[in-house]
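Note that the coordinates shown come from a computational prediction; the quantities given were computed from them, not determined experimentally. In what follows, chains are A, B, ... by sequence order, proteins preceding strands, each numbered from 1.
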Number of protein chains: 2
Amino acid sequence: MRIGELSRRTGVSVRSLRYYEEQGLLSPVRRPSGYREYGEGDVTTVRAIRLMLAAGLNTATIAELLPCMVEDGELLTPACSGMLPDLHRERERLNDAVAELLAARDVLDSIIAATAPAPDGDLVCPVSPGRSA
Amino acid sequence: MRIGELSRRTGVSVRSLRYYEEQGLLSPVRRPSGYREYGEGDVTTVRAIRLMLAAGLNTATIAELLPCMVEDGELLTPACSGMLPDLHRERERLNDAVAELLAARDVLDSIIAATAPAPDGDLVCPVSPGRSA
DNA sequence: TTGGACTCTGACATTGGCGTGAGAGTCAAT
DNA sequence: ATTGACTCTCACGCCAATGTCAGAGTCCAA
């Protein structure tokens with residue numbers, strides 16, 4: 001099938017499909033005209049890509065992981081345990097990111113806590129974009 | 001003081017200080033030569049900026065919040081309760097971001113769970129950057 | 001054969017807080 | 001006056017995935 005159909009069947013934009021190829025995630029055959037020709041398996045692959053992107057992995061990491069996966073019906077499943085360290089590393093990164101955000105939230109909470117409810121010294125603040133003085 | 005000293009006293013790069021001014025967070029006086037002249041209060045302000053940046057706020061939001069803060073010794077404290085809605089909105093964003101990351105982690109976990117420990121069909125995967133075949 | 005739908009390659013735009021370098025002017029001590 | 005440290009204003013680079021335009025070629029049904 002051509003790129004338009006793959007796009008329709010996966011819900012992924014044509015632009016993104018071309019980008020995935022550029023990143024080495026897809027390798028469609030080329031017709032003499034230059035048109036990309038995709039196989040049925042690419043539908044499954046694209047779904048796997050979206051899944052991993054949703055999991056916070058970047059295209060470079062996905063490019064390393066993809067060749068380690070095999071088709072299992074409608075979905076792509078990891079086929080070599082060698083992937084596990086990478087996967088766990090990614091998990092670590094996600095945990096770190098969460099921890100960072102929670103720390104940021106704590107900082108914000110302390111700022112909020114330091115804001116007086118509305119005693120007497122409450123100032124009337126300038127409207128949003130007006131740094132005149 | 002000039003920008004170099006402020007940089008040293010706050011640990012913030014000269015580039016960042018100029019950037020903060022560009023974003024309307026600082027307004028140093030200019031000498032006839034064009035040199036920026038900062039006051040003592042700017043040290044406190046820069047610290048407040050870093051604190052809020054660390055809390056995940058962007059410069060646009062900080063620009064709105066800064067004029068609402070007053071010096072309280074070594075630190076800048078929110079002075080008008082009108083800030084609270086903004087602050088809580090930011091908190092919401094952080095919570096949403098955390099939720100998103102946790103969802104991503106769940107997706108990753110399901111991928112990890114689908115990876116066979118190391119039965120027999122385990123494949124030897126290509127080394128990292130080698131998408132040759 | 002014509003035309004509308006589709007596809008191609010390239011390349012700039014987006015978001016945000018900086019790093020970094022170029023080329024030129026300023027300040028202060030010697 | 002010289003020198004060395006400091007500062008100034010541009011302005012491009014980065015990271016990531018995608019939107020979007022432009023100009024040109026392709027496919028296929030009527």
First locate atom [atom1] of [X], then atom [atom2] of [Y], and finally report the distance between them rounded to the nearest 0.5 Å.
X: A:Arg31; Y: A:Arg36; atom1: CZ; atom2: CZ; answer: 12.5 Å
X: A:Leu84; Y: B:Ile111; atom1: CG; atom2: CD1; answer: 11.5 Å
X: A:Leu102; Y: B:Leu94; atom1: CG; atom2: CG; answer: 8.5 Å

Minimum side-chain heavy-atom gap A:Thr61-A:Asp86 below 4.5 Å: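 No; the side chains remain at least 4.5 Å from each other.
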Residues from residues 40-62 of chain B sitting under 4.0 Å of DNA chain C, heavy atoms only?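 The answer is B:Arg50, B:Leu53, B:Asn58, B:Thr59.
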So if I take residues 7-15 of chain B and measure heavy-atom distances to DNA chain C, which residues fall below 4.0 Å?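 Those residues are B:Ser13, B:Arg15.
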Stepwise side-chain hydrogen bond (donor to acceptor under 3.5 Å, both in side chains) check, A:Arg50 with A:Tyr20: CA-CA 10 Å; A:Arg50 298 304 293 211; A:Tyr20 296 158; 2.8 Å; yes
Test salt bridge (charged side-chain N to carboxylate O under 4.0 Å, His left out) on A:Glu5 and A:Arg9 and set out the steps. CA-CA 6 Å; A:Glu5 187 180 342; A:Arg9 288 178 57 182; 3.6 Å; yes
Is the number of heavy atoms from other residues, nucleotides or ligands within 6.0 Å of CD (A:Glu21) greater than 12? yes
How close or far is atom [atom2] of [N] from atom [atom1] of [X], stated in whole angstroms?
X: A:Glu22; N: C:dA11; atom1: CD; atom2: P; answer: 12 Å
X: A:Leu25; N: D:dA16; atom1: CG; atom2: P; answer: 13 Å
X: B:Arg30; N: C:dC27; atom1: CZ; atom2: P; answer: 13 Å
X: A:Leu26; N: D:dA17; atom1: CG; atom2: C1'; answer: 14 Å
X: A:Leu17; N: D:dT18; atom1: CG; atom2: C1'; answer: 12 Å
X: A:Tyr20; N: D:dA17; atom1: OH; atom2: C1'; answer: 8 Å
X: B:Tyr19; N: C:dT20; atom1: OH; atom2: P; answer: 17 Å
X: B:Gln23; N: C:dC18; atom1: CD; atom2: P; answer: 10 Å

Mind listing the residues from residues 86-103 of chain B sitting with a heavy atom below 4.0 Å of DNA chain D? Number order is fine.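 DNA chain D contact set from residues 86-103 of chain B: none.
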Taking the side chain of B:Arg36 as its heavy atoms from C-beta onward, which of C:dC18, C:dC8, D:dC8 lies nearest to it? D:dC8
Of the listed nucleotides C:dG19, C:dC8, D:dT7, the one nearest the side chain of B:Arg18: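 Among the listed nucleotides, the one closest to the side chain of B:Arg18 is D:dT7.
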OP1 or OP2 of D:dT18 less than 4.0 angstrom from a side-chain nitrogen or oxygen of A:Ser16, does that happen here?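 It does, given that an N or O in the side chain of A:Ser16 lies less than 4.0 Å from OP1 or OP2 of D:dT18.
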Please report the closest heavy-atom contact between [X] and [Y], naming both atoms and the distance.
X: B:Ala114; Y: A:Thr77; result: O-CG2, 3.3 Å
X: A:Thr59; Y: A:Leu25; result: O-CD2, 3.5 Å
X: B:Ala54; Y: A:Ala104; result: O-CB, 3.3 Å
X: B:Ala63; Y: B:Gln23; result: CB-O, 4.0 Å
X: A:Ile112; Y: B:Arg91; result: CD1-CD, 4.2 Å
X: B:Thr45; Y: B:Leu76; result: CA-CD2, 3.8 Å

One would report the end-axis bend of the helix from C:dT1-D:dA30 to C:dT30-D:dA1, five pairs per end and rounded to 10 degrees, as 30°
Tell me whether B:Leu6 shares a hydrophobic cluster with B:Tyr35, the cluster being built from Ile, Leu, Val, Met, Phe, Trp, Tyr side chains joined at under 4.5 Å. no
Starting from A:Leu75, can I reach A:Val70 by hopping between I/L/V/M/F/W/Y residues whose side chains sit under 4.5 Å apart?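 No: no chain of side-chain contacts under 4.5 Å links A:Val70 to A:Leu75.
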Which residues satisfy the salt bridge (Lys or Arg N to Asp or Glu O under 4.0 Å) test with A:Arg93, sequence neighbours excluded?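 Applying salt bridge (Lys or Arg N to Asp or Glu O under 4.0 Å) to A:Arg93 gives A:Glu90.
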In 5'-to-3' order, the base (B), backbone-only (S) or no-contact (-) status of each nucleotide in nucleotides 21-30 of chain D, using a 4.0 angstrom heavy-atom cut-off, is ----BBS---
